[in-house]
Every structure is written in C-alpha cells, then in structure tokens.
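Notes for the one structure printed next.
Here is how names work: the chains are called A, B, and so on, in the same order as the sequence lines, proteins then strands, and each is numbered from 1. Everything numeric here is computed off the predicted structure, so don't read it as measured data.
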Amino acid sequence: MFHVLEKRIAAALGSRIQELYGIGTLVQTEQPKQASFGEIAVPAAFQLARELKKAPRAIAQELLAGAGAIEGVAALETAGNGYLNVRLDRGYYGANLLEGAQEDCAARGGKIIVEHTNINPNKAAHIGHLRNAILGDTFVRMLRSTGHQVEVQNYIDNTGVQVADVVVGFLHPEIFLLPEKEQPFDYLCWDLYAAVSSYYEDHKEALEWRRNTLHAIEAGHGAQAEKAHEVSDRIVHAHLATMWRLNVTYDVLPRESEILHLKFWATAFELLRQRKAIYLETDGKNKGCWVMPGSAFREGGGDEGEDSKVIVRSNGTVTYVGKDIAYQLWKFGLLGKDFHYRQWHTYPDGRVVWSTTDEPQEELQRYGRGSKVYNVIDSRQSYLQDVVVAGLRALGFERQADASIHFSYEMVALTPRTCVDLGIQLSDEDKQRTYVEVSGRKGLGVKADDLIDKLTERALEEVTSRHAEEPEESRREAAAKIAVGALRYFMLKYTRNSVIAFDLSEALSFEGETGPYVQYSAVRARNILRKLEERGESLPDFSAELSREAMARQLDNEGCWQLLLAASKAGSAVERAVTSGEPSHVARYAFQLAQSFSNFYHEYPVLTETDREKKTFLLWMTDYFRAQLERTLDVLGIQVPEYM
RNA sequence: GCGCCCGUAGCUCAGUUGGAUAGAGCGUCUGGCUACGAACCAGAAGGUCGGGUGUUCGAAUCACUCCGGGCGCACCA
C-alpha cells in the first residue's frame, strides 16, 4: 500500500513538473526523518533548482500552488528550504489496508535464474556455505514475493580435485585410517579430505594418485570413478538434508559430469574460437594454451600475455573458467544444447529436485533459458566472474553479459575467541586479529549441522524453561524453528560486502536484534488472538465494523498511526531490497516491524479495552501486524513457532 | 606492483544511492512482571563518520590524496 502511494505521488508531481517547466524527470520520494514532517517527502525542488536557476523554496511553492488533489493525500506543504511534504489521508489509508488493496504483483519479465550454494561435494557444509545458501535462498524468496519467476540452480562440481582427494583417501586405507566411531558420511569425508591434503604437503609423490583419480573420473569408468560417484552423490544428499533444515531448497542440480559428457565445453570452445574470443598462445609462459587476452576483462590491460587468462591448458584440458563460460552460455540458452533431467530427490513436502543426466529420459523437463542470471558467489571469485562475463561479451552476447550478475558477498571468518572455544590452535599474530579465515582444506571451521544442533539445544533449553508441560516432540519442533530463525537472521542482518566475524556466543544469543526477537513478536500477536477465542469471543468482521470514518477516528491517535504506517511498509521494504540487491534490508525491516509491534503491545492493551470501536480497531491492528510479520518472516525463510 | 572491499558510539553493524537534529543491537547505568508471556519495554550516558583537500544550496555518502586493515591477481576449483 505504501509504495502504491509513493508511486502515485511521484507520478502526480512528475506530470506537474512536466506541465510547469517542460522537464521530464523521475521524481524521487523519501521518508522524512521526523514523523512531524508527514509521511512522504519529495526533494524534487532541489534537483530542479540547478536547471531552473531558481531557489528551491520558490520552486516548491510553485509546484504546490496549482497541484490538484491526489487520491489518498490529505495535504501537501512546503517545508525547510525546499521540501514538499505529504500528509496522507489516514482514514483512506486504513480503509485500503483493511480491504487488502491489491499490491500490483503482475508477473514481470522473463525467468530469472539464481545459482547458489555450489558446495564441493566432498565434505560437510560449513558456516561459509551457509551464508551463500541463506543469502541466495532469501534473494529467491524476495524475487518470488515481488512477482518474478525464478529457477534455483545448485551447481555440483562432482569431477573436481576435491572429490578426487577424498577418493584417494578411501582407496588408501593403509595410510588414511577410518575412525572407529560411527559418524555421518559427510563428517567422515571432512576429516579424510583434511588428512589427504596435509599428507600431500610432505609427500609430493602422492599427488600422482590425485592425477590418476582425476583421469579416471573424467574417463568415467573404473573403481576410482565409481567411488567418486558414490562420494559426491552421498555428499549431495547430505547437503540437501542440511539445507532442508534451514528451509533452503533447489529446483535443479546441474552437474559438471554432464557438462563434460555432453560435450558442452566442445561447443563453447568452437564458438569462442570462431569468434576469436580466445587464441592459441605461441610464445611465453602460456605457450601452447588457448587464452583470453587480458584486455577483454581488465581495463587497459596493455601487456599482452602478461595478464591473459588460460582457458585451455597446454595438455588440452579445460580450466574452471572455461567450463563456467559453457555453463553460463547454457543458462541463457545460447549453447544450442541441453541436458537431460531425472528426478534426484523428493523433499518431505513432496517437491522434487531434478538433476542433470547424460541419458535421454522419458519424462521431459526443461531448465535454463533465463533472461537474467544471478550467480551467488564469494567476492573472492570476482576476478573469475569478470572473465566469464568477458567471455559472453567477446562472443557478442552483450545483452546477456549485462544480465549476468555476480551476486557477491564477503566471507565468513571466525573470531579468535570462537577459535579458542573450538580448540583451534592460533598463532600469536592471529590472536591479535579481529577475525581468522576458515579453511575447509585444513579442516578448520564450524560445520553447518553442528551449529544448527547447538542452536537447537540452546533454543530447547529456553523453550523448556517456559513450557515444561509441553511434550518433548512439540518443544523440539519449536526449538528447531527458533534455531533456524536465529541462524538465518544472523547471516542476513549484515550487508553483503561486510565480512562476518562469526562469534559463537553472539550467534547463540536470542535477544536484541535477532531472529527469535522477531519470531517472538509474531507469537505474541497470535497469542492475543488466541486468548480472545479462549475468552469465548470471536474475531469481529473488521470490514463490516470498521468504517472509513471509524478508521480515521482511531488513526487520529498519532501513536497508532505511526505504528500502522510502519507495519504497512513491508511491501516497499522488500521492493527496495530487490532493487538494491540487498537481503539485509528485509532483515532490518523485519526487526523494525517487530519493534513497532512490541511498542504497540505495551502501549495498547487489546483484550481489556472497553470501548467497542477501539477494541475492534486494536484487534484489527493486531491481526494486521501478525500478517505483516508472518509475511516478512516468510521472505526471510523463517517460520513462526506455536509458542516459544 | 595492479585490481576489488572495508574504516561511523567501548564492541558488532545500519544509514533508503547527495538531503532536514548521524541510527540500531550488545555492553554499562536507572526503572518496570499479580502475564494480551520480561526471548519484552521505558529512560540515561556514549560520535571530529580514519586524516586532509576539493566538487555545491547541502557530503558519512561523490572526486583526488594520504594512513590503517582485508581479499584477489595459477596451465587449483
């Protein structure tokens, strides 16, 4: 509702400017710092001042003078030295919210592809991966809630060295002892991978095992290839299970093995070669390689050969970037080829994740052909992402290059204190830092499932301390939702390019700006409504009992009005977060919304209210807050427990 | 050396793309449960927005520069 009015006001003033000065501009609106200034502020006069060579204040007055009435606006006034402030018609606003004024949610644009998670299928997921998945999944929810069609892809690199190293571990039990105790497969691989990696340090000759294994995997047969398949398949299932705990799901898993077997790369290579995006280097350190010149992806890349990027190695194998270019081309439907698809996994709610396969299937399924592609990838890979986009550009796919977005984010590191808690040895230098980088290769880091388990136990303690009478299963269910709320909110409250220094005790906190705080507000809103039923009363028919006049009367109360206004901004908050590509905006809004509700909760006793109209109004406010809280939490992928 | 990111309250971070008196959470200090649940609320203290120069009606935000920190710059993924 709020952004409908924002747009309406911008449009009205835009045409007013057009008729007065003959200038077509996009009128910006903002929200005043102080509530006393009104609900919407328009700084347009400042922008016009330069062009018109007039004082902003005078322009604002001219704009105001002949402006006609705008639906839903009670008053326009000038303020400061050129602001136009808007006061909304409160009765109109409330009545429209009550009727659930349709947010214009018409499906828009083409399909958007979001690729996220992309964890190497060779070990358990850790907190760094969680940031990727939660960021990606939340962005998907944001897009879907604003009417976009989205396809979620999780790329599986099942033929890389990481998998090979774990296979090496399994095939050399005489060196890499498997632990006696039972533990999940992905945990076992975590240790195995670290062990193999560190073994290479002192036994360079062992790298030959890795090379052999890689060759076998590419060839696609033999014991090593079989083991590689087994490892990556089992790990992918483990990852899907971990992500499911966090309400993160996927539509399709494109796999590297099919990119190889279906010769996607060969097709891409032909394109790149024909259009001269890459060339065969005949000299220098890259002699014998197919390279992309540095000038393609770096500004002023002058030194030929010095900064060019190898796409095909001198031994004829393709690099990661090369495969990624082929994959990116496929995402846009530019390769002229497609995968076959088979059902890979069914979620507990019945939805199905599909995987690519190289064998034709009876059941036809189509993926790819997006009009816009978001790749959720660590900012450390921005250089490689630039090369991929440059590849598209060099092929002449300008539009698709522009529509390829590296949705980057900074890494998750650990605070030194948390390292100590986890028993990780630190150098004196590291102890002085504010954070320490995790390393999957060394086996340092916090496993995702361990963290979720820890959070769940913490939440269970809290729940049990308040609801010992409830059955354990029910308490566990609530605790799981709280844990997920805490974790998702924690990963989302930071802006994307801020490094998260992960602190265990901070993450385990459920007070202040946290997911559980927001969940708690929603629970309390529900409780009021439930208590109403328990008292033998029922929810009034709001639209019958609350006339526009009644709404205006009640909203004349400044406190109520400000609270309702804040609650009504959910749509515009998500909208803004989508355009700025910043999920943290939604998280921040959710927190503010919860704060507003807390204020409401303490300020206005609902059930004991004696004035009938006011009580009806307060019940409506409660229900509206509940709906907005649930809606916003849903965008964040956070559920509301029955009690907490 | 080159490129990207960061520097805002004691700590961790926001700041609607250049706007009105710079905001939260944590921590500290004062108060508030006989419950629409205190995982909460009310209040207080706490700032030279890393330093400097510039751009203009107006700068935490843009440009230049210096200082401090991080991450990239493979025939690894």
- Polar side-chain contact His467(A)-G37(B) base: donor and acceptor under 3.5 Å: yes
- Any donor-acceptor pair under 3.5 Å joining the side chain of Ser314(A) to the base of C75(B)? yes
- Item | Residue whose closest nucleotide on RNA chain B lies nearer the 5' end, Thr579(A) versus Gln34(A) | Thr579(A)
[X] [atom1] to [N] [atom2], straight-line distance once rounded to whole Å:
{"X": "Arg466(A)", "N": "A38(B)", "atom1": "CZ", "atom2": "C1'", "result": "9 Å"}
{"X": "Arg576(A)", "N": "A14(B)", "atom1": "CZ", "atom2": "C1'", "result": "13 Å"}
{"X": "Lys323(A)", "N": "A77(B)", "atom1": "NZ", "atom2": "P", "result": "6 Å"}
{"X": "Asn118(A)", "N": "A77(B)", "atom1": "CG", "atom2": "C1'", "result": "12 Å"}
{"X": "Gln592(A)", "N": "U16(B)", "atom1": "CD", "atom2": "P", "result": "13 Å"}
{"X": "Trp290(A)", "N": "A74(B)", "atom1": "CH2", "atom2": "P", "result": "22 Å"}
{"X": "Leu384(A)", "N": "C4(B)", "atom1": "CG", "atom2": "C1'", "result": "13 Å"}
{"X": "Glu506(A)", "N": "C11(B)", "atom1": "CD", "atom2": "P", "result": "14 Å"}

- Message: Looking at U30(B), which nucleotide sits across from it as a Watson-Crick or G-U wobble partner, both distances under 3.5 angstrom, or is there none?
- Response: A42(B)
Name the nucleic acid region contacted by [X], choosing base, sugar-phosphate or nothing; use a 4.0 angstrom heavy-atom cut-off, strictly under.
{"X": "Gln519(A)", "answer": "nothing"}
{"X": "Ser580(A)", "answer": "base"}
{"X": "Val499(A)", "answer": "sugar-phosphate"}
{"X": "Val387(A)", "answer": "nothing"}
{"X": "Lys287(A)", "answer": "base"}
{"X": "Gln162(A)", "answer": "sugar-phosphate"}
{"X": "Phe510(A)", "answer": "base"}
{"X": "Tyr604(A)", "answer": "base"}
{"X": "Asp503(A)", "answer": "nothing"}

Heavy atoms from C-beta onward define the side chain here; which of [options] lies closest to that of [X]?
{"X": "Cys289(A)", "options": "G23(B), C75(B), C40(B)", "answer": "C75(B)"}
{"X": "Tyr643(A)", "options": "U12(B), G37(B), A77(B)", "answer": "G37(B)"}
{"X": "Val310(A)", "options": "C75(B), C36(B), G72(B)", "answer": "C75(B)"}
{"X": "Asn120(A)", "options": "A77(B), G37(B), U17(B)", "answer": "A77(B)"}
{"X": "Val463(A)", "options": "C5(B), C40(B), A39(B)", "answer": "A39(B)"}
{"X": "Met411(A)", "options": "G15(B), C71(B), G37(B)", "answer": "C71(B)"}
{"X": "Ile482(A)", "options": "A39(B), C6(B), A74(B)", "answer": "A39(B)"}
{"X": "Glu437(A)", "options": "G72(B), A20(B), A39(B)", "answer": "G72(B)"}
{"X": "Tyr435(A)", "options": "C36(B), A39(B), G70(B)", "answer": "G70(B)"}
{"X": "His602(A)", "options": "A20(B), C40(B), G37(B)", "answer": "C40(B)"}

- Task: Check the angle between the aromatic planes of Tyr494(A) and Phe490(A) and answer parallel, tilted or perpendicular using the 30° and 60° thresholds.
- Result: perpendicular
- Query: Using 30° and 60° as the class limits, which term best fits the ring planes of His129(A) and His239(A): parallel, tilted or perpendicular?
  - Reply: tilted
- Can you list every ring-ring contact (aromatic ring centres under 6.0 Å, His included) pair that touches residues 507-535 of chain A, not counting sequence neighbours? Tyr517(A)-Phe591(A)
Tell me, do [X] and [Y] make a side-chain contact under 4.5 Å, heavy atoms counted?
{"X": "Met644(A)", "Y": "Arg466(A)", "answer": "no"}
{"X": "Tyr320(A)", "Y": "Asp157(A)", "answer": "no"}
{"X": "Phe625(A)", "Y": "Leu593(A)", "answer": "yes"}
{"X": "Lys287(A)", "Y": "Thr282(A)", "answer": "no"}

Does [X] put a side-chain nitrogen or oxygen below 4.0 Å from OP1 or OP2 of [N]?
{"X": "Asn85(A)", "N": "A20(B)", "result": "no"}
{"X": "Tyr320(A)", "N": "A77(B)", "result": "no"}
{"X": "Tyr601(A)", "N": "G37(B)", "result": "yes"}
{"X": "Arg433(A)", "N": "G69(B)", "result": "no"}
{"X": "Arg524(A)", "N": "A38(B)", "result": "yes"}
{"X": "Asn497(A)", "N": "C5(B)", "result": "no"}

- Query: Is there a residue in residues 525-535 of chain A whose heavy atoms reach under 4.0 Å of RNA chain B, and which residues are they?
  - Reply: Asn527(A), Ile528(A), Lys531(A)
- Listed in order of residue number, which residues of residues 36-47 of chain A have a non-hydrogen atom at under 4.0 Å from RNA chain B? Phe37(A), Ala41(A), Phe46(A)
What protein N or O atoms touch nucleotides 24-28 of chain B N or O atoms at under 3.5 angstrom, if any, and at what distances?
from	atom 1	to	atom 2	distance (Å)
G25(B)	OP1	Gln595(A)	NE2	3.3
G25(B)	O2'	Glu513(A)	N	3.3

- When rounded to the nearest Å, what value does the distance between P atoms of G18(B) and A59(B) take? 14 Å
- Answer yes or no for Arg524(A) and Tyr601(A): cation-pi contact, defined as NZ/CZ to six-membered ring centre under 6.0 Å and angle to ring axis within 45°. yes
- Just checking, Arg496(A) and Phe407(A): is the charged tip under 6.0 Å from the six-membered ring centre and within 45° of the axis? yes
- Task: Can you sort out the partners of Glu461(A) under side chain to side chain contact (heavy atoms under 4.5 Å, CB included), two or more places apart, ordered by chain and number?
- Result: Arg458(A)
- What pairs with Thr579(A) under side chain to side chain contact (heavy atoms under 4.5 Å, CB included), at least two apart in sequence or on another chain? none
- Message: Using the side chain to side chain contact (heavy atoms under 4.5 Å, CB included) definition, which of the options Val42(A), Thr29(A), Ile59(A), Ile9(A) pairs with Leu84(A)?
- Response: Val42(A)
- Item | Any donor-acceptor pair under 3.5 Å from His406(A) side chain to Ile377(A) backbone | yes
- Task: Go through the steps to decide whether Glu256(A) and Lys323(A) satisfy the test salt bridge (Lys or Arg N to Asp or Glu O under 4.0 Å), and finish with yes or no.
- Result: CA-CA 8 Å; Glu256(A) 180 142 301; Lys323(A) 281 180 276 197; 2.9 Å; yes
- What form does the base of U17(B) take, syn (within 90° of 0) or anti? syn
